[in-house]
Asks: 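This is the structure I have questions about; it appears just below.
Below, chains carry the letters A, B, ... as their sequence lines are ordered, and counting in each starts from 1.
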Amino acid sequence: MFKFELEHVDKYTGARAGKFHTPHGIIETPVFMPVGTQAAVKAVSTDSLKDMGTQVLLSNTYHLNLRPGSEIIKSAGGLHKFMNWDKAILTDSGGFQVFSLKGLRKIREEGVEFQSHLDGSKIFMSPESSIQIQENLGADIIMAFDECAPALSSRDYIVPSMERTLRWLERCKEAKTRDDQALFGIIQGGLFKDLRIQSAIKTCQIDLPGYAIGGLSVGETREEMLEILDILGPYLPKDKPRYLMGVGTPQDFVEGILRGIDMMDCVHPTRIARHGLAMTSRGMISIKRQEFTADLSPLDPNCSCPCCRDYSKAYLRHLYKSGEILSSMLMSIHNLSFLIGLAQDLRQAIFNDESENIRKKLYTVMGYAKS
RNA sequence: GCGGCUAUCGUCAAGAGGUUAAGACACAGGAUUGUGGCUCCUGCAUUCGAGGGUUCGAAUCCCUUUAGCCGCC
């Protein structure tokens, strides 16, 4: 269980292709993981997710604990049954909410006191309670409860935060009782290279089935983020999956994989889809643009997803302008298909030691901006 | 034919003599990275139905005219 087979490493870039075994199937890496925070990928059914080749979904401990409550999900037979998804699931621990709900929480050594964004009530989350909730949810991969610190944090802020996250990781491991769930540790350290290395070494000293890099894509530039990935590579065990948390523009995705990342998740594709933006083989397209009013060609002529197969840009623009729910559905299906397809292309390219070609294509043929 | 009322951005509408004519929606650009939030940011009337006048100064006052609505013959 939770064996990671490293199948091939691109001899030019170091990009990795592998297989991660979970109780709900094998995840072929590199992989993009759609995010379904509240046990649902916004605007996308599990049938659609399956059709587009999704291998693993993300969901969220903090949000599901508030609503409907993890006991409800436990009594439903776990998250897989509750949301009708029989492939792998990964739950984030609530650590990101320490960042995103900054105004609504207080951090202590023991844990974090949140004020519910729903009704204002006090919710205390600790490494132990996060693990307890995640055991109730029953995902295949569960994340350590950490603090995701803002990228612009000072060294004085990052040092104690990072050390606390390490102590919390020990407590998470201690609290864990189920052996059919893989606990991943999370490396922090802000944008300070020595702290990142320190965090990587100490985190990886704790034997776990996988390791994540957190605290990135939270306000820093792409160059800064990639620099951190570059220096971290040598400190990560080769025989464990490497998960870069919260990253999902096509550029970041490709650059991450070329730096040895195996797994990434992001709300980006589904969020921008709801706001009328598409990732395509010809760059980013805003379906809102006036120029598409009468354009009967597909969103992406090189895409075979249901959205591109069956509908025109003029129709998609009309749906968006009309506020139709179908707009969110089709655009989300497309964007997720694009990233999942990109991951599949990369995996194939890695086996041929040609992953660099995908990067070149991204910046030339596809026309994505380098920074 | 006579009397009254109304006429400000694509739409709804503030404004009642004094610097660049509110706001909302719509429209047009842009943002968005381990998802509180179909959200956020930016732009969008040198012009107030038309023409003339009073005044240092008018969307705001006066006259003429046009259109719509309401009454009366």
Asks: Given the C1' atoms of B:G23 and B:C44, what is the spacing between them in whole Å?
Replies: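 Between the two C1' atoms, the distance is 14 Å.
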Asks: Check every strand shown and say whether A:Leu244 touches a base, only sugar-phosphate, or nothing at a heavy-atom separation below 4.0 Å.
Replies: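 It contacts nothing in the nucleic acid.
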Asks: Can you tell me how far C1' in B:C25 sits from the matching atom in B:U60, rounded to whole Å?
Replies: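 Rounded to whole Å, the distance is 26 Å.
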Asks: One thing to verify: whether A:Lys173 and A:Glu170 come together as a salt bridge, which I'm taking to mean a side-chain N less than 4.0 angstrom from a carboxylate O.
Replies: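 No, no charged N to carboxylate O under 4.0 Å.
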Asks: Indicate whether OP1 or OP2 belonging to B:G34 is found under 4.0 Å from a side-chain N or O atom of A:Asn60.
Replies: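 Checking A:Asn60 against B:G34: no side-chain N or O falls below 4.0 Å of OP1 or OP2.
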Asks: Quickly work out the A:Lys321 NZ to B:G29 C1' distance and round it to whole Å.
Replies: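 Rounded to the whole Å, the gap is 11 Å.
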Asks: In the structure shown, which nucleotide is the Watson-Crick or G-U wobble counterpart of B:U54, with both distances under 3.5 Å?
Replies: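 Across any shown strand, B:U54 pairs with none.
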Asks: So A:Gly323, base contact, sugar-phosphate only, or nothing? Heavy-atom distance under 4.0 Å.
Replies: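 Nothing, no nucleic acid heavy atom in range.
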Asks: Output yes when A:Arg108 and A:Glu110 qualify as a salt bridge under the 4.0 Å nitrogen-oxygen rule, no when they do not.
Replies: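 Answer for the salt bridge query: no.
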Asks: Decide, yes or no, whether a salt bridge links A:Glu109 with A:Arg167 under the criterion of side-chain N to carboxylate O below 4.0 Å.
Replies: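 Salt bridge present between A:Glu109 and A:Arg167.
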Asks: Tell me: CD1 of A:Ile285 to P of B:G30, nearest whole Å?
Replies: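 After rounding, the gap between these two atoms is 12 Å.
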Asks: Donor-acceptor pairs under 3.5 angstrom involving side-chain atoms of residues 23-41 of chain A: please list them, not counting sequence neighbours.
Replies:
unit_1: A:His24; atom_1: ND1; unit_2: A:His80; atom_2: NE2; d: 3.2
unit_1: A:His24; atom_1: ND1; unit_2: A:Asp140; atom_2: OD1; d: 2.7
unit_1: A:His24; atom_1: ND1; unit_2: A:Asp140; atom_2: OD2; d: 3.4
unit_1: A:Thr29; atom_1: OG1; unit_2: A:Gly18; atom_2: N; d: 3.0
unit_1: A:Thr29; atom_1: OG1; unit_2: A:Gly18; atom_2: O; d: 3.3

Asks: So, A:Glu7 and A:Lys19, do they make that salt bridge, N to O below 4.0 Å?
Replies: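 Result for this pair is yes, salt bridge flagged.
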Asks: What interatomic distance, in whole Å, is found between C1' of B:U8 and the corresponding atom of B:A24?
Replies: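 After rounding to an integer number of Å, I get 15 Å for this pair.
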Asks: Does B:G37 have OP1 or OP2 sitting under 4.0 Å from an N or O in the side chain of A:Lys42?
Replies: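 Checking B:G37 against A:Lys42, a side-chain N or O does come within under 4.0 Å of OP1 or OP2.
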Asks: What does A:Ile272 touch in the nucleic acid at a heavy-atom separation under 4.0 angstrom: a base, only the sugar-phosphate, or nothing?
Replies: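 Base contact.
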Asks: With both distances kept under 3.5 Å, what pairs with B:A31, Watson-Crick or G-U wobble?
Replies: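 Pairing partner: B:U39.
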Asks: Using atom C1' in both nucleotides, what's the gap between B:U42 and B:C69 to the nearest angstrom?
Replies: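 Going atom to atom, C1' in each nucleotide, I get 40 Å.
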Asks: Nearest heavy atom decides the nucleotide; on that basis, is A:Arg289 or A:Gln188 closer to the 5' end of RNA chain B?
Replies: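 In this pair, the answer is A:Arg289.
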Asks: Can you tell me the distance, in whole Å, between the CZ atom of A:Arg271 and the P atom of B:U39?
Replies: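 Answer to the nearest Å: 13 Å.
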Asks: Stacking check: are the rings of A:His275 and B:C38 less than 5.5 Å apart at their centres and under 30 degrees in tilt?
Replies: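 It does not: the ring fails the test against the base of B:C38.
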Asks: How is A:Asp265 classified with respect to the nucleic acid when contacts are heavy atoms under 4.0 Å: base, sugar-phosphate, or nothing?
Replies: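 Touches sugar-phosphate only.
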Asks: Can you tell me which nucleotide in B:U32, B:G36, B:G34 comes closest to the side chain of A:His117?
Replies: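 The answer is B:G36, which lies nearest to the side chain.
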Asks: Name the nucleic acid region contacted by A:Ser328, choosing base, sugar-phosphate or nothing; use a 4.0 angstrom heavy-atom cut-off, strictly under.
Replies: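 Contact class for A:Ser328: none.
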Asks: If I take atom CD in residue A:Gln290 and atom P in nucleotide B:G30, what distance separates them, rounded to the nearest angstrom?
Replies: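 The distance from CD of A:Gln290 to P of B:G30 comes to 12 Å, rounded to the nearest Å.
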Asks: Roughly how many Å apart are B:A22 and B:C9, using the P atom of each and rounding to a whole number?
Replies: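 Pairwise P distance, B:C9 against B:A22, rounds to 13 Å.
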Asks: In whole Å, what is the span from the CZ atom of A:Phe32 to the P atom of B:U35?
Replies: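 So the CZ-P distance, A:Phe32 to B:U35, works out to 12 Å.
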Asks: B:C44 pairs with which nucleotide, Watson-Crick or G-U wobble, both distances below 3.5 Å?
Replies: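 The base-pairing partner of B:C44, which may sit in any strand shown, does not exist here.
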Asks: Any strand is fair game: report the nucleotide pairing with B:U11 by Watson-Crick or G-U wobble, both distances under 3.5 Å, or none.
Replies: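 Across any shown strand, B:U11 pairs with B:A24.
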Asks: Quick one: on RNA chain B, does A:Met225 or A:Tyr320 contact a more 5' nucleotide (nearest heavy atom)?
Replies: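 Closer to the 5' end of RNA chain B: A:Met225.
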Asks: Grab the CD-P distance between A:Gln38 and B:G34 for me, whole Å please.
Replies: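 One finds 14 Å between P of B:G34 and CD of A:Gln38, rounded.
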Asks: Using atom C1' in both nucleotides, what's the gap between B:G17 and B:A58 to the nearest angstrom?
Replies: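 The answer is 6 Å between these two C1' atoms.
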Asks: Separation of A:Leu277 atom CG from B:G29 atom C1', in whole Å?
Replies: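 It is 12 Å, rounded to the nearest whole Å.
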Asks: Rounded to whole Å, please give me the gap between NZ in A:Lys288 and C1' in B:C41.
Replies: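 Computing the A:Lys288:NZ to B:C41:C1' distance gives 11 Å.
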Asks: Any strand is fair game: report the nucleotide pairing with B:A59 by Watson-Crick or G-U wobble, both distances under 3.5 Å, or none.
Replies: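 When the pairing criteria are applied, nothing turns out to pair with B:A59, so the answer is none.
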Asks: It should be established whether A:Arg317 places a side-chain nitrogen or oxygen under 4.0 Å from OP1 or OP2 of nucleotide B:A28.
Replies: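 Yes.
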Asks: Please evaluate residues A:Val247 and A:Met225 with respect to the criterion side-chain contact (heavy atoms from CB on, under 4.5 Å), reporting the C-alpha separation (whole Å), side-chain torsions for both, the decisive distance (0.1 Å), and the verdict.
Replies: CA-CA 10 Å; A:Val247 165; A:Met225 177 178 91; 3.9 Å; yes
Asks: Could you tell me whether A:Asp300 and A:Arg282 make a salt bridge, using a distance below 4.0 angstrom between a side-chain N and a carboxylate O?
Replies: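 Salt bridge absent between A:Asp300 and A:Arg282.
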Asks: If you measure from the Lys or Arg side-chain nitrogens to the Asp or Glu carboxylate oxygens, is any gap between A:Arg105 and A:Glu113 under 4.0 Å?
Replies: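 Looking at A:Arg105 and A:Glu113, the cut-off is not met.
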Asks: May I ask you to list the residues of residues 85-101 of chain A, by number, that have any heavy atom positioned under 4.0 Å from an atom of RNA chain B?
Replies: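 A:Asp92, A:Phe96, A:Gln97, A:Ser100, A:Leu101 - these, ordered by number, are the residues of the stretch whose heavy atoms sit under 4.0 Å from the strand.
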Asks: Please tabulate, for the side chains in residues 318-330 of chain A, all donor-acceptor contacts under 3.5 angstrom to protein atoms that are two or more places apart in sequence or on a different chain.
Replies:
unit_1: A:His318; atom_1: ND1; unit_2: A:Ser322; atom_2: OG; d: 3.3
unit_1: A:Ser322; atom_1: OG; unit_2: A:His318; atom_2: O; d: 2.6

Asks: If you measure from the P atom in B:G29 to the same atom in B:U35, how many Å do you get, rounded?
Replies: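 The same atom, P, in both gives a distance of 31 Å.
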Asks: Using the P atoms only, state how far B:A26 lies from B:G51, rounded to an integer number of Å.
Replies: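 Result for the P pair: 33 Å, nearest Å.
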Asks: So, A:Ser161 and A:Glu147: side-chain donor and acceptor under 3.5 Å apart, yes or no?
Replies: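 A pair is found: one side chain offers a donor N or O, the other an acceptor, under 3.5 Å apart.
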